[in-house]
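When a ligand or atom number is given, it counts from 1 through the structure's own listing order.
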Amino acid sequence: MATRVLESRFEHLSVNDENEPADGAKYQKSKMITTTVSSSTQLSQNASRANLLKIALQNQNTTSTIVSVPSRTSQWRASRTLNGSGSPPMKGHSVGGAEIEEVAHERKSMYEQPAPKVFHLGMFEIGRPLGKGKFGRVYLAKERSSGYVCALKVLHKNELKHGDAEKQVRREIEIQSNLRHPNILRLFGHFHDSKRIFLILEFAGKGELYKHLRRENRFPEWKSAQYVAQMAAALKYCHKKHIMHRDIKPENILLGIHGEIKLSDFGWSVHAPSNRRNTLCGTLDYLPPEMLKPGRDKNTYTNKVDLWSLGVLTYEFLVGEAPFEDTPVMTQRKIERGEMTVPSFVSPEARDLIKKLLVIDPEKRISLDEVQEHPWIIKYCVKGERAAQRESKSTGSRYSDE
Ligand code: AMP
């Protein structure tokens, strides 16, 4: 019964995909995938992930619809990602945000060359719906040849157009497909047909963090600290690449199969090599004062905006609600004044971190390095990690040749 419902749901996914190869691996009606990814399936998943990555890299190097010849840089990038040991083709090549610009440049310069057709709908077996977003749905999917389980986000072009969100999606693709970090959701590639855009995403097995927070009401300190540490690691990676996320909130964070943070939704993120931006975006509850109130800098802001949002997030993890929650007018007023109270059940260490993040002057806000070194984080994360490392080292030396 459920299978029939799913099949009928996918009737409307058209077969004549623009990206379908001429020799035509035709799209077959989807079957329900049994897809609980358990630890025992991880090994084969890793192998098939490598295959999907291979396709993704081909796709990325050739940029699905625009570029056909991989450049030396992208060939290097492919070898680096696949075997983890590739070295840059040129001395001094930057792996930071400049890389993104470089890719964009490559795309432009090779524009209008024949499009290689790498990803297409027929390559995927579609499973259960995972959720619904503003502009489309997300389905569990399996890449047929590798067996790799992923999430397929289907966005309808006309809805994007009406919602004025085309730029947002383009930005999301451009930025997220260039990020590789264990706490950032991977975007393996994308393809489209006349009506829809498909994003091939890493499957986040434990779903939305927001739902966990609502279910548990608030998180215990150890869990909050571990989430904050993982968020700090993800943000540090982004900032190093000159990317500000700008829309950090529990709804934009997914959890991997082991319960690890997977930062997603880069629709509002921006690549700003100068580190300064002046667009108003994001969600009111998480917006920092400098984005609400034009200061001396004429409303420009830096990647410190993400640190403020991290403070709001830390508070929400521990308390169960955002610190400035109120009517929109009152929320804005409270943010501008930094007006909030931390309940007494929050530990002094956690309170200290929140207060150091929710500082009105962005320059006086604690840095990501300092977050990672904060006693509250050390208490629940680093000490645990260090203990685990010590344990594995001592076990290792017992069996090593030395
Ligand atoms: P979005 O359109 O990105 O807001 O996604 C809508 C919903 O689909 C989310 O709230 C999640 O519950 C689910 N979802 C999106 N992406 C994934 C993913 N990669 N893995 C698992 N669930 C997802």
Trainee: What residue and heavy atom of the protein are closest to atom 19 (N) of ligand 1, and at what distance?
Mentor: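 Heavy-atom neighbour on the protein nearest atom 19 (N) of ligand 1: E202 O, 2.7 Å.
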Trainee: For the pair E221 (side chain) and S347 (backbone), establish whether a donor and an acceptor sit closer than 3.5 Å, ignoring hydrogens and angles.
Mentor: yes
Trainee: Using the six-membered ring of F345, assess whether NZ or CZ of R218 lies under 6.0 Å from its centre and within 45 degrees of the ring axis.
Mentor: yes
Trainee: May I ask you to decide if the ring planes of Y148 and F188 are parallel, tilted or perpendicular, using 30° and 60° as cut-offs?
Mentor: perpendicular
Trainee: Report the member of K153, K262, E208 with the shortest heavy-atom distance to atom 11 (C) of ligand 1.
Mentor: E208
Trainee: Could you go through H245 and N252, starting from their C-alpha distance and side-chain angles, then the distance that decides it, and tell me whether this counts as side-chain hydrogen bond (donor to acceptor under 3.5 Å, both in side chains)?
Mentor: CA-CA 10 Å; H245 187 281; N252 289 343; 5.2 Å; no
Trainee: Give the atom numbers and elements of ligand 1 that come within less than 4.0 Å of a heavy atom of L185.
Mentor: 19 (N)
Trainee: When you measure from atom 4 (O) of ligand 1 to every protein heavy atom, which one gives the shortest distance, and what is it?
Mentor: G133 CA, 3.9 Å
Trainee: Could you identify the single nearest non-hydrogen protein atom to atom 13 (C) of ligand 1 and state the distance to 0.1 Å?
Mentor: L130 O, 3.7 Å
Trainee: Please state whether the rings of F191 and F124 are parallel, tilted or perpendicular, taking 30° and 60° as the class boundaries.
Mentor: parallel
Trainee: Would you mind checking which non-hydrogen protein atom is closest to atom 17 (C) of ligand 1, with the distance to 0.1 Å?
Mentor: L254 CD1, 3.7 Å
Trainee: Are R137 and Y139 in a cation-pi contact, defined as NZ or CZ under 6.0 Å from the six-membered ring centre and within 45° of the axis?
Mentor: no
Trainee: Please check if the distance between the ring centroids of F317 and W376 is under 6.0 Å.
Mentor: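 Ring centres of W376 and F317 not closer than 6.0 Å.
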Trainee: Distance to 0.1 Å, residue and atom name: give those for the protein heavy atom nearest to atom 8 (O) of ligand 1.
Mentor: G131 CA, 3.3 Å
Trainee: Would you say A204 and ligand 1 have an N/O pair spaced under 3.5 Å apart?
Mentor: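 N/O-N/O distance below 3.5 Å exists for this pair.
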Trainee: Measuring from atom 6 (C) of ligand 1, which candidate in K132, R137, K134 has the nearest non-hydrogen atom?
Mentor: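 Looking at heavy atoms only, K132 sits closest to atom 6 (C) of ligand 1.
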Trainee: Where is the nearest protein heavy atom to atom 15 (C) of ligand 1: which residue, which atom, and how far?
Mentor: V138 CG2, 3.6 Å
